[in-house]
Amino acid sequence: MADKLSLETLESWLWESANILRGSIDSSDFKNYIFGLLFLKRYNDVFEERIRLLMKADKLSYGDAQEEIEDKWGKLPHSARWFELISRTENIGEALDKAFATIEANNPELQHVLTATQYGDKRVLSDGTLQRLLRHFNQYKLGNDDLYKADMLGDAYEYLIKQFADDAGKKGGEFYTPKAVVQLVVELIDPQPGHHVYDPTCGSGGMLVESAHHISRLRNGTLMGKPNALLYGQEKNLGTWAIAKLNLYLHNMHAAIELGDTLVDPKHLDGDYLKTFDRVIANPPFSAKSWWTPLELSNENEQDSGKKLKAPNYKQVSDPFGRMVYGVPPRGYADLAFAQHMLASLKADGRMGIILPHGVLFRSGEEGKIRNGLLFGTDAANGNQPGDLIEAIIGLPSALFYNTGIPACVLVLNKNKPKGLKGKVIIIDASRDYLEGKAQNSLRPEDISRIISSHKAAFDTQIEADNYCRVVSLKEIHSNDGNLNIARYIENGETEEAVDVTAALAQLAVLAEEETQIDARLKGYLVELGLLETEI
């Protein structure tokens with residue numbers, strides 16, 4: 001029996017496929033083409049594997065076994081079979097597009113996923129390039145029996161997503177959150193077996209996959225061989241949405257991932273109301289601008305009619321789902337709009353974790369009003385909304401993300417805080433613990449472990465750690481006017497050197513005298529060189 005394909009071999013083989021595409025298309029688009037072919041090869045190999053196993057078990061002919069498999073798993077016509085595609089020398093892209101459309105037609109959950117990328121435009125990909133790609137993918141079989149473990153393709157897929165994010169640089173942040181950061185947020189909100197988990201800006205699905213992995217490691221964490229959880233997501237970008245669907249599919253996980261703008265058009269609904277979940281997790285785009293499309297469109301229409309264009313007034317945002325109950329964030333900062341959407345999507349005993357830029361902790365104006373509402377609640381005039389919702393704030397190191405060098409924080413919100421934590425907020429300054437990288441820093445396992453253990457000790461028994469973790473009363477936060485800037489609550493432990501003002505002033509006088517003498521000497525040299533006239 002041939003050796004099973006190891007993860008390391010699979011990863012390097014898949015990454016080599018990117019080299020075939022270099023020069024033909026932009027590196028940020030590699031993933032769309034490679035993921036499609038990876039899926040097609042896997043789909044074909046599993047289909048053939050099922051036929052072989054049935055032929056062996058029931059002593060059937062190939063034709064009879066194929067008929068049974070197609071009855072159970074859906075048809076795969078010859079035009080979509082790998083052996084047919086690999087033998088083509090022309091119009092390969094068109095044949096691939098047809099194959100993907102056929103698979104979608106037989107798998108409703110993959111509708112629009114595989115056809116999101118078009119292979120048939122020869123100006124983008126020539127027959128020669130596609131022939132090389134297909135031959136490259138022909139090197140290994142990807143049936144379940146060929147792999148070291150059945151969901152290994154999902155792990156390889158994650159590796160590729162990470163590599164493509166690195167390769168795409170800034171654009172990578174749009175679809176990928178570094179895995180260590182994802183692990184941290186999942187550990188903090190601690191999803192449990194049977195939970196419904198939702199990511200409203202799910203990118204390529206990494207937070208949902210990690211949540212499912214976390215649950216499957218717990219007691220009763222698996223059900224019929226799969227994670228005991230229901231996963232939901234929404235993504236705005238078509239290509240990224242397709243990647244998320246394939247990511248979950250290749251991990252042997254089922255998830256309801258919808259396409260659309262979560263703020264304007266949330267898709268996970270119970271009738272006319274938002275569906276609610278046990279855990280909500282997200283890394284929304286930092287400080288997204290012009291985030292309420294209906295208002296922006298209305299404003300642009302006014303411009304078309306010849307009126308002088310002004311920035312739209314975001315106080316006019318009208319949300320039919322009643323999410324902006326603490327206030328409407330300004331046009332240039334969607335951060336707390338996403339946070340309020342997530343809060344509205346939480347069950348009464350739910351918890352959520354969101355990665356946000358530090359500005360949300362201290363910016364004033366409407367954001368300050370929203371922050372105060374989350375901390376202290378609102379009065380009758382503002383709808384009597386509950387406060388005391390912030391469980392924890394964790395300050396992260398700078399430059400962890402692809403799309404920005406600015407430091408971010410994790411906000412954990414909890415609708416059902418334990419008794420010992422009521423009226424209090426856990427604040428952790430983890431900004432100094434990280435592995436420094438050339439272009440990007442990263443969290444090490446020990447950094448994650450320190451955050452999680454400190455948070456747990458503070459959550460369970462309100463234990464603090466000097467210069468790192470505090471359990472701060474809402475009274476103290478109120479005395480700071482609701483400003484949550486971490487530096488106000490946690491000192492960094494570095495003692496500042498005392499300054500002797502008199503000695504410092506004397507030293508400045510000496511330096512000023514020296515500067516005058518140097519200027520005079522320089523002037524003399526310039527006169528000697530004829531570059532400056534002497535004063536009369």
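Starting from 1, each residue takes its place in the sequence as its number.
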query = What do the steps show when you test Leu5 against Leu142 for side-chain contact (heavy atoms from CB on, under 4.5 Å), and what is the final call?
reply = CA-CA 8 Å; Leu5 187 59; Leu142 299 175; 4.0 Å; yes
ask   = What's the verdict on side-chain hydrogen bond (donor to acceptor under 3.5 Å, both in side chains) for Asn138 and Arg135, showing C-alpha distance, side-chain angles and the deciding distance?
value = CA-CA 5 Å; Asn138 205 43; Arg135 281 182 189 151; over 6 Å; no
query = Going through the checks in order, is the side-chain contact (heavy atoms from CB on, under 4.5 Å) test met by Asn19 and Arg22?
reply = CA-CA 5 Å; Asn19 294 326; Arg22 286 190 197 283; 3.0 Å; yes
inquiry  = Quick one, Tyr159 with Glu8, criterion side-chain hydrogen bond (donor to acceptor under 3.5 Å, both in side chains). Give me CA distance, side-chain angles, the key distance, then yes/no.
reply    = CA-CA 10 Å; Tyr159 161 83; Glu8 193 179 7; over 6 Å; no
request  = Decide side-chain contact (heavy atoms from CB on, under 4.5 Å) for Tyr33 and Val124; before the verdict, give the C-alpha distance in whole Å, the side-chain angles of both, and the deciding distance to 0.1 Å.
outcome  = CA-CA 11 Å; Tyr33 293 94; Val124 178; 3.7 Å; yes
task = Applying side-chain contact (heavy atoms from CB on, under 4.5 Å), run through Gln131 and Ile92 and close with a yes or a no.
result = CA-CA 8 Å; Gln131 213 171 5; Ile92 298 169; 4.0 Å; yes
task = Mind running salt bridge (charged side-chain N to carboxylate O under 4.0 Å, His left out) on Arg279 and Glu187 for me, showing each step along the way?
result = CA-CA 12 Å; Arg279 296 289 185 269; Glu187 290 280 328; over 6 Å; no
ask   = Going through the checks in order, is the ring pair (Phe, Tyr, Trp, His ring centres under 6.0 Å) test met by Phe83 and His78?
value = CA-CA 8 Å; Phe83 59 73; His78 277 261; 5.7 Å; yes
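A salt bridge is defined here as a Lys NZ or Arg NE, NH1 or NH2 lying under 4.0 Å from an Asp or Glu carboxylate O, and Lys141 with Glu49 fails to meet this definition. Asp447 has no carboxylate O lying under 4.0 Å from a charged side-chain N of Arg450, or vice versa, which leaves the two without a salt bridge.
Atom CG of Leu37 sits about 5.5 Å away from atom CZ of Phe100, to the nearest 0.5 Å. To the nearest 0.5 Å, the span separating OG1 on Thr89 from CG on Leu130 amounts to 12.5 Å. Within the model, atoms NZ of Lys122 and CD of Glu94 stand 6.0 Å from one another, a figure rounded to the nearest 0.5 Å. The CD1 atom of Ile189 sits 4.0 Å away from atom CD1 of Ile281, with the distance rounded to the nearest 0.5 Å. Expressed to the nearest 0.5 Å, how far NZ of Lys98 lies from CG of Asn91 amounts to 8.5 Å. Rounding to the nearest 0.5 Å gives a distance of 7.0 Å between CG of Leu14 and NE2 of His136.
Within 6.0 Å of CG in Asp272 there are 12 or fewer heavy atoms belonging to other residues, nucleotides or ligands. Residue Lys347 places its NZ atom among more than 12 non-hydrogen atoms of other residues, nucleotides or ligands, all under 6.0 Å distant. Enclosure of atom CZ in Arg219 is not indicated, since only 12 or fewer non-hydrogen atoms of other residues, nucleotides or ligands lie within 6.0 angstrom. Within 6.0 Å of atom CD in Glu16, more than 12 heavy atoms from other residues, nucleotides or ligands are found, so the atom counts as buried in its surroundings.
At distances below 3.5 Å, not a single donor-acceptor pair connects side-chain atoms of Arg88 with backbone N or O atoms of Ala95. Of the possible polar contacts, one joining the Gln234 side chain to the Lys267 backbone as a donor-acceptor pair under 3.5 Å is found. Although no hydrogens or angles enter the test, the distance criterion places no donor-acceptor pair under 3.5 Å between the side chain of Gln440 and the main chain of Ala399. Panel note: side chain Lys245, backbone His112; no donor-acceptor pair is recorded below 3.5 Å. One N or O on the side chain of Asp335 and one on the backbone of Ser287 form a donor-acceptor pair closer than 3.5 Å. Side-chain N or O atoms of Glu104 include one that pairs as donor or acceptor with a backbone N or O of Thr115 at under 3.5 Å. For the pair Asp199 (side chain) and Met207 (backbone), a donor-acceptor distance under 3.5 Å is absent. Under a 3.5 Å cut-off, the side chain of Ser453 and the backbone N or O of Ser449 do form a donor-acceptor pair. Panel note: side chain Asp278, backbone Pro191; no donor-acceptor pair is recorded below 3.5 Å. Side chain of Arg81 to backbone of Leu76: a donor-acceptor contact under 3.5 angstrom is found.
Annotation: side chain of Trp292 is not in contact with side chain of Asp261 (no heavy-atom distance under 4.5 Å). Taking the side chain as every heavy atom from C-beta outward, Lys415 and Leu389 approach each other to under 4.5 Å. Taking 4.5 Å as the limit, some side-chain heavy atom of Val113 sits within range of a side-chain heavy atom of Trp241. At a threshold of 4.5 Å between non-hydrogen side-chain atoms, the residues His455 and Glu391 count as touching. Side-chain contact between Glu70 and Phe47 is present, with heavy atoms from C-beta onward closer than 4.5 Å. When side chains are defined from C-beta on, Leu114 does not count as touching Asn107, because their heavy atoms never get closer than 4.5 Å. Within the 4.5 Å cutoff, the side chain of Tyr140 has no heavy atoms near those of the Asp146 side chain. With contacts defined as side-chain heavy-atom distances shorter than 4.5 Å, the pair Phe338/Pro285 qualifies.
Defined by atom type and a distance below 3.5 Å, a donor-acceptor pair is present between the side-chain atoms of Asn283 and Thr177. If you check the side chains of Asn237 and Glu235, you find no donor sitting under 3.5 Å from an acceptor.
Note: His251 and His213 have perpendicular aromatic rings, judged against thresholds of 30 and 60 degrees for the angle between ring planes.
When all heavy atoms are compared, the tightest approach of Pro329 to Ala337 is CG-N, 3.4 Å. Between Asp155 and Glu11, the closest heavy-atom pair is O-OE2, 4.4 Å. Taking every heavy atom of both residues into account, Pro193 and Leu218 meet most closely at CD-CD1, 3.8 Å. Summarising the geometry of Thr240 relative to Ser204, their closest heavy-atom pair is CG2-N, 3.8 Å, with the distance given to 0.1 Å. Between Leu396 and Pro407, the shortest heavy-atom distance links the atoms O-CB, 3.8 Å. The minimum heavy-atom distance between Ala344 and Leu274, with the atom names listed, is CB-CD1, 3.7 Å.
The residue from His341, Met342, Lys236 that alone fulfils the side chain to side chain contact (heavy atoms under 4.5 Å, CB included) condition with Thr262 is His341. For the side chain to side chain contact (heavy atoms under 4.5 Å, CB included) test with Arg42, the passing option among Asn44, Val46, Asp45 is Val46; the others fail. When Thr102, Leu110, Ile103 are each tested for a side chain to side chain contact (heavy atoms under 4.5 Å, CB included) with Asn106, only one passes: Thr102. For the side-chain hydrogen bond (donor to acceptor under 3.5 Å, both in side chains) test with Glu48, the passing option among Trp82, Tyr62, Tyr43 is Tyr62; the others fail.
Taking the six-membered ring wherever Trp is involved, the centroid distance between the rings of Trp13 and Phe137 falls below 6.0 Å.
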